[in-house]
Trainee: 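Would you mind keeping the following structure in view while I ask a few things?
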Amino acid sequence: MMLGWLPANPAESRLLPGGRFRGPTPYVIAIMTFAMMIVAAAGLALSSTAGLIASAAANRHVVQVPDGDRPRVAAVIAAARSSGSVSAVRPVPEAEMRRTLERWLGPLDTAGDLPLPALINLDLAPGADAAALARRIAAAAPGARLVSEEATLGPLLGSLRALQWLALTLVLLMAAATSAAVVLAARGALDTHRATIEVMHGIGATDRQLARLFQRKIALDALAGGVAGGAAAALVLVLLAIGSASFAGDLFGGRVLRGGDLALLALLPLAAVGLATVVARGAVLKALRQAP
Amino acid sequence: MRYGTGAEVLRDLDFRLSAGGFYFLTGPSGAGKTSLLKLLYLAQRPTRGRIRLFGEELADAPRDALPAFRRRIGVVFQDFRLIRYLSAFDNVALPLRIAGRSEEEIEGPVREMLAWVGLADRASARPPTLSGGEQQRVAIARAVISQPDLLVADEPTGNVDAEMAARLLHLFSALNRLGTTVVVATHDVGLIAATPGAHIVRLEKGVLADPTGALRNPPPSGAGSQPGVTS
C-alpha cells in the first residue's frame with residue numbers, strides 16, 4: 001500500500017520525539033501552500049478570463065463610421081445584412097455612445113458641435129470572409145472601417161497569457177523553495193537525532209527503516225501545514241469571490257474559476273504534502289548513505 | 001586502519017577468532033582496542049585489508065548488505081549509547097523491533113532480560129535517571145537480547161560493582177555456552193582471571209601481540225564460520 005508507512009505504532013513514534021509543530025516544516029509548508037494556491041488561483045482566473053475574452057471576441061467585428069452620418073450608417077447596416085456572412089448586426093445607440101464619451105470628455109453639448117462617431121457591432125458567421133465584408137462595407141459607405149475585436153484585444157490577451165505563464169512559473173518556484181526548505185528541515189532533523197541514528201545503524205537498522213521514521217514525521221508535519229495553508233487560501237478566495245471588490249470578485253469568483261480549476265486548487269495542498277514527503281525521503285536516504 | 005588522514009591506528013593485523021570462542025582484548029589505552037572492536041562490529045571499514053565475518057568478506061561489502069550482519073552482532077559500547085528519551089524497556093527492545101519482531105514477541109524476553117540484569121523495577125526509567133552502572137546494564141541487556149552470534153563489549157564492567165561484574169560475566173559465559181562468540185575489551189585483570197579457558201588478544205600500539213601464533217591458527221572449535229581480520 002502506498003501510504004502503508006504513514007501510520008506509526010507507539011514504539012516507532014517514540015523513536016523521534018518532539019511532537020508536531022515544533023520544527024519549521026509545518027509553518028513553511030503552510031505559508032508556501034497558501035501562496036501557491038493564491039498565485040495558482042490568479043493564474044487559473046487569468047487563463048479563464050483570457051479564454052472568455054477570446055471566445056467573446058472571436059467573430060466579433062465593429063464598423064466605425066467616423067462622423068456618425070446616418071445615411072452611411074444605414075448603408076453599412078444594409079450592406080452587412082445583405083452580405084450573408086453576418087449573423088447579427090447591433091448598432092450602438094447614440095445615447096450609449098454619448099455616455100461612453102462623456103466619461104472621457106466630460107458633458108457633451110447636446111446641440112451637436114462635436115460630431116459623434118457611430119459604431120455598429122457585427123457578429124460574423126463562422127467561416128465568413130472578413131476581408132470581403134470590409135470591401136463591401138467600404139464600397140457602401142466610404143470612410144467606414146471594419147475592425148476585428150480580436151485584433152483590438154490582441155495585446156490585452158497577450159498580456160493575460162503572459163501573466164498566466166508568470167503565475168505558473170511562480171508556483172513552480174514556490175514548489176522548488178518548499179523542496180529546499182524540506183531538505184533543510186530533514187537535515188536538521190537528522191542532525192538532531194544523529195546519536196539515535198548511529199545507535200540504530202549499529203544494531204542493524206536499514207537506511208529504509210530510518211528514512212521511514214523521518215519521512216513519516218515530515219509527512220505529518222507537511223500534512224498539517226498543507227491543510228492549514230490550504231484552508232487559509234480557500235477562505236481568502238471565498239472572501240474575494242463574495243466581497244465587494246468587484247474586480248477581484250469577478251477575477252476569482254465562480255465566473256472565472258470553474259469546477260476543474262477548483263479541483264486543481266484543492267489538489268495543491270496534497271501535492272505540496274506529497275512533494276515534501278518525497279523530497280524528505282530522498283534527502284534522508286542521501287544523508288544516511290554517508291555513514292559507513 | 002586510519003581515521004581520515006591521520007596515522008594508522010591498526011596495522012599488520014592477521015588473526016582469526018574461533019566461532020564460539022571467548023576472547024579478552026587487552027592492551028594499554030590508545031593501543032587500538034576500540035578501533036579493532038569497531039572493525040568487528042562493522043562501524044568502520046578498514047582502509048586496507050580484509051575482514052571476514054560469518055563466512056563473508058565484508059571489507060568491501062555494499063552498505064545494504066551490512067544491516068543483516070549487524071543484527072547478528074551485539075555491541076556493548078564503552079559510553080553505553082542508550083537513546084536517552086527511550087525507557088530502559090524500549091532501549092532493550094530496540095534490536096528486536098529493528099529485526100521486525102511483534103510487540104507480543106518482545107514483551108516477555110525484554111522483561112526477563114531486565115530482570116536478569118537487576119533492572120526489572122526500572123523498566124520505564126529513562127537513561128538520564130539511571131546511574132552509570134544501571135545504564136551499563138541496560139546497554140548489556142540491549143546487546144544480548146537478540147542472542148547474537150558475536151558479542152562485542154568495550155569495557156562492559158567499567159561502571160558496575162564487583163558483584164554485578166561477576167553476574168554480567170556469568171551472562172556472557174552463558175551466551176558463550178549457547179554458541180555466541182564473545183569479544184570483551186577490558187583492563188580488568190580480575191575479569192580475565194575469572195574466565196578460565198578464555199583467550200587473550202593483546203594489542204600494543206596498533207599491533208597484535210601473538211607470540212604463540214594461536215590467533216593466526218586457532219585450534220578448531222565448534223561449528224560455524226570464523227570471524228577474522230587481515231590487514
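So you know, we letter chains A, B, ... as the sequences are listed, proteins then strands, and number each from 1. What you see below is based on every heavy atom in this structure, not just the backbone, and it leaves out hydrogens, waters and symmetry mates.
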Trainee: Is chain B contacted by the side chain of A:Arg208, its backbone, both, or neither, given a heavy-atom distance below 4.5 Å?
Mentor: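 For A:Arg208, no heavy atom lies under 4.5 Å from chain B.
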Trainee: Looking at B:Pro148, is its backbone amide N or carbonyl O close enough to the side chain of B:Thr180 to form a donor-acceptor pair, meaning the two atoms are under 3.5 Å apart?
Mentor: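 Present.
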Trainee: Sort by residue number and list every residue of residues 77-94 of chain B having at least one heavy atom under 4.5 Å from chain A.
Mentor: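 Counting heavy atoms that sit under 4.5 Å from chain A, the residues of residues 77-94 of chain B involved are B:Arg81, B:Ile83, B:Tyr85, B:Leu86, B:Asp90, B:Leu94.
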Trainee: Less than 4.5 Å to any heavy atom of chain B: does that hold for the side chain of A:Ala195, its backbone, both, or neither?
Mentor: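 For A:Ala195, there is no contact with chain B at all, as no heavy atom is under 4.5 Å.
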Trainee: For the backbone of B:Glu155 and the side chain of B:Gln136, can you confirm whether one donor and one acceptor N or O come within less than 3.5 Å of each other?
Mentor: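 Here the side-chain-to-backbone pair exists.
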Trainee: If I measure from the heavy atoms of chain B, does A:His201 come under 4.5 Å with its side chain, its backbone, both, or neither?
Mentor: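 Answer is both: backbone and side chain atoms of A:His201 are under 4.5 Å from chain B.
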Trainee: Within the supplied structure, the quantity of interest is the number of heavy atoms (other residues, nucleotides, ligands) at a distance under 6.0 Å from B:Glu105 CD; does it exceed 12?
Mentor: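 For B:Glu105, atom CD is crowded (more than 12 foreign heavy atoms under 6.0 Å).
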Trainee: Is any side-chain heavy atom of A:Val284 closer than 4.5 Å to a side-chain heavy atom of A:Leu210?
Mentor: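 No, side chains not in contact.
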Trainee: Decide yes or no on salt bridge (Lys or Arg N to Asp or Glu O under 4.0 Å) for B:Glu56 and B:Arg52, but give the supporting numbers first.
Mentor: CA-CA 5 Å; B:Glu56 301 285 340; B:Arg52 189 172 178 83; over 6 Å; no
Trainee: In terms of heavy-atom contacts, does CD of B:Glu112 have more than 12 from other residues, nucleotides or ligands at under 6.0 Å?
Mentor: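 12 or below, so no.
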Trainee: Is B:Asp60 atom CG crowded by more than 12 heavy atoms from other residues, nucleotides or ligands, each under 6.0 Å away?
Mentor: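 12 or below, so no.
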Trainee: Which one of B:Arg142, B:Arg71, B:Arg63 has the most heavy-atom pairs closer than 4.5 Å to chain A?
Mentor: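 Result: the option with the highest number of such pairs is B:Arg63.
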Trainee: Heavy-atom count around B:His187 NE2 within 6.0 Å, excluding the residue itself: above 12?
Mentor: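 It does: B:His187 NE2 has more than 12 such atoms within range.
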Trainee: For B:Arg72, is it the side chain, the backbone, both or neither that has a heavy atom under 4.5 Å from a heavy atom of chain A?
Mentor: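 For B:Arg72, neither part sits under 4.5 Å from chain A.
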